[in-house]
Amino acid sequence: MENYVIEMLNITKRFPGIIANDNITLQLRKGEIHALLGENGAGKSTLMSVLFGLYQAEEGEIRKNGQRVDIRDPNDANALGIGMVHQHFKLVENFTVLENIILGVEPNKMGFINKNVAREKVMEISQKYGLSINPDALIEDITVGMQQRVEILKMLYRDNEILIFDEPTAVLTPQEITELLQIMRGFANEGKSILFITHKLNEIMEVADRCSVLRKGKYIGTVDIKDTSKEALSKMMVGRDITFKVEKKEMEAGDVVLSVRNLSVFSTLHKKDAVKNVSFDIRSGEIVCLAGIDGNGQSEFVYALTGLEKSTSGSIHLCGQDITKASIRQRSIAGLSHIPEDRHKHGLVLDYKLDENLVLQRYWQNDFQNRGFIKFDAVREYADYLIDKYDIRSSQGAETIVRSMSGGNQQKAIIGREIDKDHQLLVAVQPTRGLDVGAIEYIHSQLVAMRDSGKAVFLVSFELDEVMNLSDRILVMYEGEIVGEFKPKETNVQELGLYMSGAKRDTAKENVHGRE
Amino acid sequence: MEGNNSPSKNKFNINQFLKKIGFGSFVSALMAIILGLVFGYLVMLIANPNSATAGFRYILFGGLQRKGDVFYFATPIIMTGLSVGFAMKMGLFNIGASGQYTMGMFFALYVGFMWDLPDGIHWIVAILAGMIGGIIWGLIPGVFKALLNVNEVITSIMFNYIGMFLVDMLIQGNGTMYDPIRTRTNYLPGSSLIPSLGITGSNVNFGIVFAVIIGVILFIILQKTTFGYELKATGHNKFASEYAGMKGKTNIILTMAIAGALSGFGGAFAILSPSGIAGSSMTYEPINIISQAGFNGIAVALLGNSHPIGTIFSAIFISHIQRGGTLTSLVGYKPEIIDVVIAVIIYFSSFSMIMSSYLGKFLTRIIKHTDKDDNSNNAKEA
């Protein structure tokens with residue numbers, strides 16, 4: 001009989017219409033790094049939310065050191081020494097680092113916060129684990145990597161012994177990832193127990209001791225990392241063999257489709273230029289990828305390119321036509337398709353039916369309206385065609401309210417809509433974010449098919465694997481500037497990481513468009 | 001989650017059918033009404049236990065004795081309700097329906113008194129003038145919102161005051177329109193009055209017919225046209241509508257102008273009305289109070305879930321219990337009691353969504369329970 005610090009036994013959690021966790025057992029040893037692997041929607045986050053008290057399981061029990069415990073909310077979890085770094089940080093943007101760390105457990109004297117006591121403790125922890133921070137910096141001013149460090153310090157400040165990391169590496173550069181994994185290793189050596197949620201196999205192989213795999217809400221198994229391989233894990237996760245490489249033939253670049261010159265975009269949020277003097281070209285039959293860490297001006301650049309925001313200076317030409325000041329509709333007519341970063345905010349009207357969403361870019365065309373009256377039959381017919389062609393699955397076909405569809409199928413709907421529309425350039429921003437491996441494979445193949453059919457593809461991605469696999473050319477953006485241009489075959493993830501974090505930049509390549 | 005791809009097209013699905021006709025919002029409106037009435041009855045019991053039942057009966061059925069008045073008083077709040085509901089579909093809160101209503105009424109009055117037009121044309125022009133007055137008062141907050149991003153709620157509240165004081169000032173300064181002895185407007189010339197529907201003892205006129213027709217037209221615009229598609233898309237998700245290249249600013253201005261026109265019609269329908277006494281007409285008393293019609297319109301639109309047809313019915317219902325409510329004074333109640341009941345109904349209907357989802361959960365639980373019971377019975381038998 002082994003001693004486990006945390007045991008989740010036969011946990012079952014149901015949501016309307018779906019069993020998110022079906023009889024799952026997870027046992028965490030003291031001082032180990034235990035990876036939790038699974039595709040999106042496999043139930044990892046739900047399981048961790050049950051452990052953290054955000055959800056209550058319908059069946060099963062949680063034990064700490066063999067004692068049954070009841071975790072009703074995150075405060076209970078905290079009292080038991082369970083801490084969690086969420087995928088999306090829970091920080092107060094305009095508070096300082098120190099204020100965020102002590103939030104909720106402020107040391108006080110008769111209601112007055114005693115910050116000096118707090119500061120001492122925070123600095124002590126920070127030195128002990130090598131997590132250097134500036135306690136007086138505002139959260140909104142520090143990098144994402146630093147913000148994550150604040151989240152980790154929050155757990156340590158509360159003397160948590162069981163640390164849950166929910167996809168912590170998604171927002172980090174390769175260098176920061178290495179650092180984080182080392183820090184995690186250090187915690188484990190200290191005797192803290194770590195649950196590490198991820199779908200990145202490399203990281204699991206590097207740092208974890210054991211790994212539990214979930215698939216579609218079911219428990220598949222737990223393996224010792226030293227006895228397994230990346231391939232075996234991925235097979236457990238997906239249930240079939242998958243290819244890590246995207247198949248694609250040599251690029252046949254044609255004419256210039258998109259030409260951006262000296263483009264600058266002002267960010268009203270940060271009161272400075274978010275995009276500075278960016279120039280490059282994209283040719284037909286080419287996938288150009290904009291790599292970089294989230295928040296370095298990629299979103300603003302895409303907004304300016306697609307017309308959602310105005311640029312302050314510079315020009316954009318699409319197929320020779322000046323679209324710098326064109327409206328979104330004019331750009332769309334000129335041949336621009338856009339798979340937006342946030343499918344819920346921009347891409348879909350969630351309370352509209354699927355067929356209404358599938359004509360969102362085309363409802364005004366004569367195919368779908370006559371003197372201002374929508375031709376609902378034509379809309380339905382076209383929607384059924386797209387649903388069939390792009391395998392968009394939903395409970396009631398074209399009638400389905402999009403809000404009720406799964407993320408993968410919502411994304412398929414957007415992709416089908418944007419690809420099927422007449423276009424020369426496809427702007428795809430994080431098209432695979434939050435999707436499972438199967439859907440990612442499918443979307444990648446669609447993007448490559450587009451390129452092979454002679455369209456230009458502009459891909460913005462934070463996933464370096466995706467960048468390396470898909471692109472014909474890589475541009476790295478750092479603080480609103482393009483700091484390097486690469487061919488994927490002539491570079492590697494480490495080099496890109498240096499550029500992405502601003503540690504290196506090409507001054508020689510400042511005029512990127514000057515080539516050829 | 002990912003079920004089969006083809007919907008069962010030919011199979012009659014009661015749930016989908018009910019959803020289609022807006023059953024959910026109907027049920028929640030109904031529940032709000034019932035709860036409001038129950039609460040109102042309780043208040044009446046506390047206020048005067050002896051005549052509570054008699055008074056409550058007046059509220060429920062009193063309106064039936066005065067059908068003409070029910071429809072006459074429903075007309076302006078149908079229009080302001082449509083106005084508020086239409087803007088709501090776009091995600092705009094038109095709290096300025098009162099000001100638009102008042103301006104519409106003033107424009108209609110002005111044409112009625114000051115323009116000399118032949119019979120049969122005069123009242124039509126007066127109605128159209130009312131529409132224009134409303135458009136102006138809706139358009140301005142719309143322009144401010146679209147071009148300068150000034151919150152339409154703030155602008156239209158201010159425009160309620162500006163409109164009301166302006167109209168009161170202009171009317172009092174006009175010798176033809178204003179009778180300083182009775183401190184009211186004079187009776188309008190007969191040619192400017194909307195033809196009566198001929199129900200004796202009431203003011204009801206063709207305005208109610210126009211109001212219903214306008215409601216149906218709005219329904220068609222919202223359901224069948226690209227403009228309606230854009231409008232609702234913007235209301236649901238303005239970012240997505242922007243992404244799809246819809247002209248958000250133009251649509252905001254247009255929507256507010258239409259909303260203003262609807263309220264303006266309301267003002268015209270209300271004032272261009274023959275009253276029960278032959279040779280007289282409805283009059284307006286400039287007493288520096290913002291017209292209630294706009295606020296009642298908000299209530300009506302809420303109860304009708306911003307749906308044009310729903311709004312027509314909810315306006316008629318509100319008007320019905322209002323008329324009935326005035327009769328409660330016969331058994332010793334103050335007429336304010338009916339305002340309490342209406343306020344409670346609106347209060348409940350404003351969280352109608354929560355109510356209908358609770359109701360849905362409640363129903364599914366009952367169904368599940370019976371299922372479980374069946375299963376456990378079966379198990380026992382086995």
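Order of the sequence lines sets the chain letters (A, B, ...), proteins ahead of strands, with each chain counted from 1. These numbers come from a predicted model, not from an experiment.
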Flag, side chain of [X] to backbone of [Y], donor-acceptor distance under 3.5 Å:
X        : Y        : answer
B:Asn305 : B:His307 : no
B:Lys232 : B:Lys89  : no
A:Arg331 : A:Leu305 : yes

(request) Among the options B:Ile221, B:Thr226, B:Asn237, B:Ile220, pick out the one with the most heavy-atom pairs lying under 4.5 Å from chain A. (result) B:Thr226

Plane angle bin for [Y] and [X] - parallel if under 30°, tilted between 30 and 60°, otherwise perpendicular:
X        : Y        : result
B:Tyr229 : A:Tyr363 : tilted
B:His236 : A:Tyr352 : perpendicular
A:His346 : A:Tyr303 : perpendicular

(request) With a 4.5 angstrom heavy-atom cut-off, could you sort out which part of B:Lys238 is near chain A: side chain, backbone, both or neither? (result) neither

(request) Tabulate, in ascending numerical order, the residues of residues 244-254 of chain B having at least one heavy atom closer than 4.5 Å to a heavy atom of chain A, or enter 'none'. (result) B:Ala244, B:Gly245, B:Met246

So what's closer than 4.5 Å to chain B heavy atoms on [X]: side chain, backbone, both or neither?
X        : result
A:Phe376 : side chain
A:Arg417 : side chain
A:Gln330 : neither
A:Val359 : both
A:His344 : backbone
A:Ile374 : both

(request) Walk me through it: do A:Ile328 and A:His338 pass the test side-chain contact (heavy atoms from CB on, under 4.5 Å)? (result) CA-CA 10 Å; A:Ile328 295 174; A:His338 176 198; over 6 Å; no

(request) Go through A:Lys345, A:Gln369, A:Gln361 and name the one with the most non-hydrogen pairs under 4.5 angstrom from chain B. (result) A:Lys345

(message) Contact between B:Val300 and B:Ile78 at the side-chain level, heavy atoms closer than 4.5 Å - yes or no?
(response) no

(request) Taking the side chain as every heavy atom from C-beta outward, state whether A:Ile414 and A:Pro340 have any atom pair closer than 4.5 Å. (result) yes

(request) May I have all residue pairs that pass side-chain hydrogen bond (donor to acceptor under 3.5 Å, both in side chains) and include part of residues 142-156 of chain B, sequence neighbours excluded? (result) B:Lys145-B:Glu152

